[in-house]
Chemist: 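Just dropping this structure here.
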Amino acid sequence: MTTGDYINTTVSDIIRNFVNNNTFLPAIQREYVWGTYEICKLFDSLMCGYPISSFLFWKIREEDKNKWNAYEFIRDFDKESPHNKEANFAGLNKDLYLVLDGQQRMTSLYIGLKGSYSYFYYRKRKEVLAIDLLKQPSNEINPDELQYGFAFIEESEFANPEHCWYKVGDILNFDKPREAKQSISNKIALYSDKQQQIIEDNLEDLHNMVHTNRCINYYDEKTDDYDKVVEIFVRTNTGGVKLEYSDILLSTATAKWKKLNAREEIYNFTDSLNKIGLGYRFGKDFVMKGAMYLTEGLPIQYKVSSFTRENLEKIEDNWETIKSSLSQTISLLSNFGFNDKNIVSKNAVLPISYYIKNKTVTNFVNSSNQDLMKIKNDIQKWFVLNTIRNIFGSSSDTTLKQCQEILEQYKNKEFPYQKLNEKLSVSSTFNEAEINNFLLYTYGTKYSYLLLTLLYPDRDWLDKKYAEDHIFPQSEFTRPKLVKRGYSEDKIQAYLSNYNTIVNLELLEENENKAKNATQFDEWIKSRDSNFKKRHLIPEIEHYDFDHFLDFIEARKKLLIQRYTEFNFK
């Protein structure tokens with residue numbers, strides 16, 4: 001970056017004259033991620049006179065403004081729809097600025113002074129930034145606590161007489177502190193003289209922070225070299241939220257794709273993937289990794305040096321195929337019952353997408369053709385085996401490359417899961433040590449849900465939601481309750497060691513799980529149909545009451561070991 005002087009100005013000048021007026025966000029920027037506490041802390045820092053670091057602007061000459069894609073700052077933020085709106089430069093007859101460093105801070109200032117923050121917490125909430133003028137600034141310096149009374153509240157809360165809430169954005173309406181004080185004179189008359197003094201002091205501090213203190217420092221970079229701008233952006237964003245390679249790819253693609261708007265395409269496609277079936281949480285990093293993997297001749301690893309114009313143009317040309325392959329794969333896995341809980345390695349999805357990409361069959365996912373059903377069953381077996389074995393956990397790029405080499409040889413043929421397993425040195429059966437380890441997995445852990453799915457080989461998983469359920473209710477397994485039952489210490493330890501493991505877990509449909517709740521198992525089993533025991537591998541024992549829990553555990557272990565031993569992925 002060329003040397004030069006930093007410019008300082010006020011918060012009100014930035015909000016009134018810069019944001020979404022002549023200052024926007026380049027496509028290179030990521031989305032807004034701050035929460036309400038971070039916004040409050042920013043305003044609190046400014047009120048305390050703390051520096052908030054400088055901003056870096058990229059100055060674009062008026063004649064060059066249409067060369068770049070840019071986005072508006074968000075004014076009314078909604079966590080359920082966080083995407084920025086594309087900026088329209090029509091009628092903007094002046095130079096403009098794109099913010100390279102400081103997006104989160106500047107958006108926060110804009111939301112706090114001009115907008116709102118919406119999110120869902122039991123219900124939809126829309127809140128604005130307020131300051132409790134009654135709160136006297138603390139003299140103790142605690143980096144984890146706010147000195148002033150900033151908070152996001154709903155409009156209905158402003159009437160609470162225990163606080164003197166003031167909408168922070170209203171301070172923009174007054175050029176002088178006394179005008180701001182006069183505007184709430186009726187409200188503050190309700191308080192004591194001492195309280196009125198605190199209110200007036202806080203209001204004056206707020207006014208000075210917004211209108212008087214030149215606490216905003218920025219530098220404008222005037223280069224026309226986009227690659228240099230990318231380099232500056234990378235270097236200035238090494239702190240805070242980690243800058244992923246996918247962000248660089250996305251930002252560079254936005255500038256270098258010829259026909260499509262890369263940012264909109266990638267964000268919209270990521271959103272669409274996450275709406276398949278019961279919903280997922282794939283990120284754009286997964287999408288861009290898939291784009292590299294599914295485009296012929298491109299490297300698998302993320303390297304900035306790989307994001308050349310030529311490579312990015314290949315991705316753009318291949319974009320529809322990429323979208324189709326990934327969408328079909330996630331739909332297929334959803335049909336198999338794989339959800340956000342049990343897809344523990346997203347990279348394991350990519351070889352399946354690579355196979356589907358080369359499969360010249362329409363409606364592959366939903367087809368009931370016998371040959372295709374066999375292929376899909378083979379895919380399912382391979383995915384389960386390699387997910388449980390965590391084959392894609394370490395050195396995943398090497399593993400992905402090895403899969404790619406095998407799949408290239410089987411274009412439009414049967415899914416080569418045996419060849420893939422041989423290449424990856426993966427056994428097609430579970431050994432005794434693995435199975436014994438399976439039985440130790442506990443409720444809600446990384447592989448527990450996936451291991452439980454293996455107990456139901458004939459289950460219809462299609463778009464149904466299942467929950468992990470404790471067969472003997474976990475509420476009974478507390479030391480005080482076990483002591484009260486008169487159990488010995490050894491028996492208590494045995495109960496506590498086993499109740500939370502796979503051996504005491506089953507998968508129930510969500511409604512059935514809610515109905516069961518904490519019902520004692522010996523009562524619950526009486527209300528189930530004749531196939532319940534067979535379906536959930538419930539052993540036949542004489543008693544199902546709580547006192548015979550250890551008998552149940554020993555008998556069910558044998559059934560689970562037998563089921564896992566029977567699996568052969570050849």
Side-chain angles (χ1 to χ4, degrees), residues 277-278 334-344 380 384-385 387-388 430 434-478 481-482 494-567:
L278 296 173
S334 178
N335 289 354
F336 292 154
F338 293 104
N339 53 44
D340 207 58
K341 287 184 178 179
N342 53 30
I343 299 181
V344 296
Q380 182 184 27
V384 169
L385 183 64
T387 300
I388 290 176
F430 298 129
E434 284 180 307
I435 294 172
N436 288 333
N437 189 50
F438 291 167
L439 302 183
L440 299 176
Y441 273 93
T442 55
Y443 173 83
T445 49
K446 189 174 183 181
Y447 294 102
S448 59
Y449 192 96
L450 186 59
L451 287 168
L452 288 172
T453 64
L454 293 178
L455 305 181
Y456 305 87
D458 301 321
R459 174 169 279 182
D460 176 14
W461 300 95
L462 181 58
D463 293 341
K464 292 181 180 178
K465 193 170 185 179
Y466 293 92
E468 295 180 45
D469 170 67
H470 289 80
I471 299 173
F472 282 72
Q474 62 176 328
S475 58
E476 295 299 314
F477 292 87
T478 66
K481 287 186 176 181
L482 297 175
Y495 270 55
L496 293 177
S497 297
N498 286 284
Y499 86 93
N500 208 33
T501 67
I502 291 289
V503 188
N504 187 40
L505 297 178
E506 62 187 347
L507 289 184
L508 295 181
E509 284 197 51
E510 195 171 30
N511 291 335
E512 188 178 20
N513 185 50
K514 289 179 180 178
K516 179 175 182 286
N517 198 6
T519 305
Q520 293 296 330
F521 184 61
D522 56 341
E523 293 299 320
W524 173 254
I525 194 67
K526 296 175 185 178
S527 66
R528 299 299 89 195
D529 63 60
S530 58
N531 290 319
F532 184 86
K533 291 180 181 178
K534 181 179 180 181
R535 190 163 59 247
H536 294 282
L537 294 182
I538 303 299
E540 291 289 350
I541 56 176
E542 186 175 355
H543 301 289
Y544 292 104
D545 60 275
F546 195 80
D547 288 340
H548 291 84
F549 172 69
L550 294 181
D551 295 337
F552 170 84
I553 288 297
E554 289 306 311
R556 194 164 191 253
K557 276 183 181 180
K558 294 177 182 177
L559 293 181
L560 267 56
I561 289 171
Q562 180 181 349
R563 176 59 57 87
Y564 288 130
T565 303
E566 288 172 353
F567 276 98

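Side-chain atoms are counted along with the backbone in the values below, which use heavy atoms only and exclude waters and symmetry mates.
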Chemist: Between S334 and G277, which heavy-atom pair has the shortest distance, and what is it?
Modeler: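 Of all heavy-atom pairs spanning S334 and G277, the closest is OG-CA, 3.5 Å.
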
Chemist: Using every non-hydrogen atom in the two residues, find where S497 and T501 come nearest and quote the distance to one decimal.
Modeler: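 Shortest heavy-atom separation between S497 and T501 comes out as O-CG2, 3.5 Å.
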
Chemist: Quick one: CD on E523 to CG on D545, what's the gap to the nearest 0.5 Å?
Modeler: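 Atom-to-atom, E523:CD and D545:CG are 10.0 Å apart.
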
Chemist: Counting heavy atoms not belonging to K533, are there more than 12 under 6.0 Å from its NZ?
Modeler: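 Yes, the 6.0 Å shell around NZ holds more than 12 heavy atoms from other groups.
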
Chemist: So how far is it from N335 CG to Q380 CD, rounded to the nearest 0.5 Å?
Modeler: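 If we round to the nearest 0.5 Å, N335:CG and Q380:CD are 10.0 Å apart.
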
Chemist: Between the side chain of E468 and the main-chain N/O of Y443, is any donor-acceptor distance below 3.5 Å?
Modeler: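 Absent.
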
Chemist: Run the side chain to side chain contact (heavy atoms under 4.5 Å, CB included) test on Y449 and Y466 for me, step by step, so that the C-alpha distance in whole Å, both residues' side-chain angles and the decisive distance to 0.1 Å come before the verdict.
Modeler: CA-CA 9 Å; Y449 192 96; Y466 293 92; 3.3 Å; yes

Chemist: Take a 6.0 Å sphere around NZ of K481 and say whether it holds more than 12 heavy atoms from other residues, nucleotides or ligands.
Modeler: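 It does: K481 NZ has more than 12 such atoms within range.
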
Chemist: Return all side-chain donor-acceptor pairs below 3.5 angstrom for residues 502-509, not counting sequence neighbours, or 'none' if the list is empty.
Modeler:
unit_1	atom_1	unit_2	atom_2	d
N504	OD1	F472	N	3.0
N504	ND2	F472	O	3.2
N504	ND2	Y499	O	2.8

Chemist: Judged by atom type as modelled, is there a donor-acceptor pair below 3.5 Å linking the side chain of T453 to the main-chain atoms of L450?
Modeler: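 Checking the backbone N and O of L450 against the side chain of T453, a donor-acceptor pair under 3.5 Å is found.
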
Chemist: Is there a ring pair (Phe, Tyr, Trp, His ring centres under 6.0 Å) between Y495 and F546? Walk through the geometry before answering.
Modeler: CA-CA 10 Å; Y495 270 55; F546 195 80; 5.4 Å; yes

Chemist: Yes or no on salt bridge (charged side-chain N to carboxylate O under 4.0 Å, His left out) for K534 and E540, after CA distance, side-chain angles and deciding distance?
Modeler: CA-CA 10 Å; K534 181 179 180 181; E540 291 289 350; over 6 Å; no

Chemist: So N498 and F549, do their side chains get closer than 4.5 Å, heavy atoms only?
Modeler: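 They are in side-chain contact.
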
Chemist: If you measure from CZ on R535 to OG on S530, what distance do you get to the nearest 0.5 Å?
Modeler: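 OG of S530 is found 8.5 Å from CZ of R535.
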
Chemist: May I ask you to decide if I561's main-chain N or O and T565's side chain share a donor-acceptor pair within less than 3.5 Å?
Modeler: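 Here the side-chain-to-backbone pair exists.
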
Chemist: Could you please spell out the steps behind the side chain to side chain contact (heavy atoms under 4.5 Å, CB included) verdict for L560 and F438?
Modeler: CA-CA 9 Å; L560 267 56; F438 291 167; over 6 Å; no

Chemist: To the nearest 0.5 Å, what is the distance between CG on D469 and CG on N513?
Modeler: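 The CG atom of N513 is 4.5 Å from CG of D469, to the nearest 0.5 Å.
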
Chemist: Looking at F521 and P473, what are the two nearest heavy atoms and their distance?
Modeler: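 Nearest pair, atom of F521 first, then P473: N-CD, 4.2 Å.
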
Chemist: Measure the spacing between OG1 of T519 and CD1 of I525 and express it to the nearest 0.5 Å.
Modeler: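 Reported value, rounded in 0.5 Å steps: 12.0 Å.
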
Chemist: Over all heavy atoms of both residues, which pair between E512 and F532 is shortest? Give the atoms and the distance, please.
Modeler: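 So the two residues come closest at OE2-CE1, 3.9 Å.
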
Chemist: Should the pair F430 and Y564 be assigned to parallel (<30°), tilted (30 to 60°) or perpendicular (>60°) ring geometry?
Modeler: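 Answer is perpendicular, since the angle exceeds 60°.
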
Chemist: Over 60° means perpendicular and under 30° means parallel, so tell me whether F336 and F338 are parallel, tilted or perpendicular.
Modeler: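 Judged by the thresholds at 30° and 60°, the geometry between F336 and F338 is perpendicular.
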
Chemist: Do side-chain atoms of D529 reach the backbone of N531 as a donor and acceptor pair under 3.5 angstrom?
Modeler: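 Between the backbone of N531 and the side chain of D529 there is a qualifying donor-acceptor contact (under 3.5 Å).
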
Chemist: If only atom types and distance count, is the side chain of K516 paired as donor or acceptor with the main-chain N or O of H470 below 3.5 Å?
Modeler: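 Yes.
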
Chemist: Is a donor on one side and an acceptor on the other found under 3.5 Å between the side chain of K557 and the backbone of F552?
Modeler: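 No: the side chain of K557 does not pair with the backbone of F552.
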
Chemist: Going by the side-chain contact (heavy atoms from CB on, under 4.5 Å) test, name the single residue among L385, V384, L454 that passes it with F567.
Modeler: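 Of the listed options, the one satisfying the test is L454.
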
Chemist: Can you check whether L537's main-chain N or O pairs, donor with acceptor, with R556's side chain at less than 3.5 Å?
Modeler: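 Checking the backbone N and O of L537 against the side chain of R556, a donor-acceptor pair under 3.5 Å is found.
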
Chemist: Do the side chains of H536 and R528 get nearer than 4.5 Å, heavy atoms only?
Modeler: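 They are not in contact (no side-chain heavy atoms under 4.5 Å apart), so the answer is no.
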
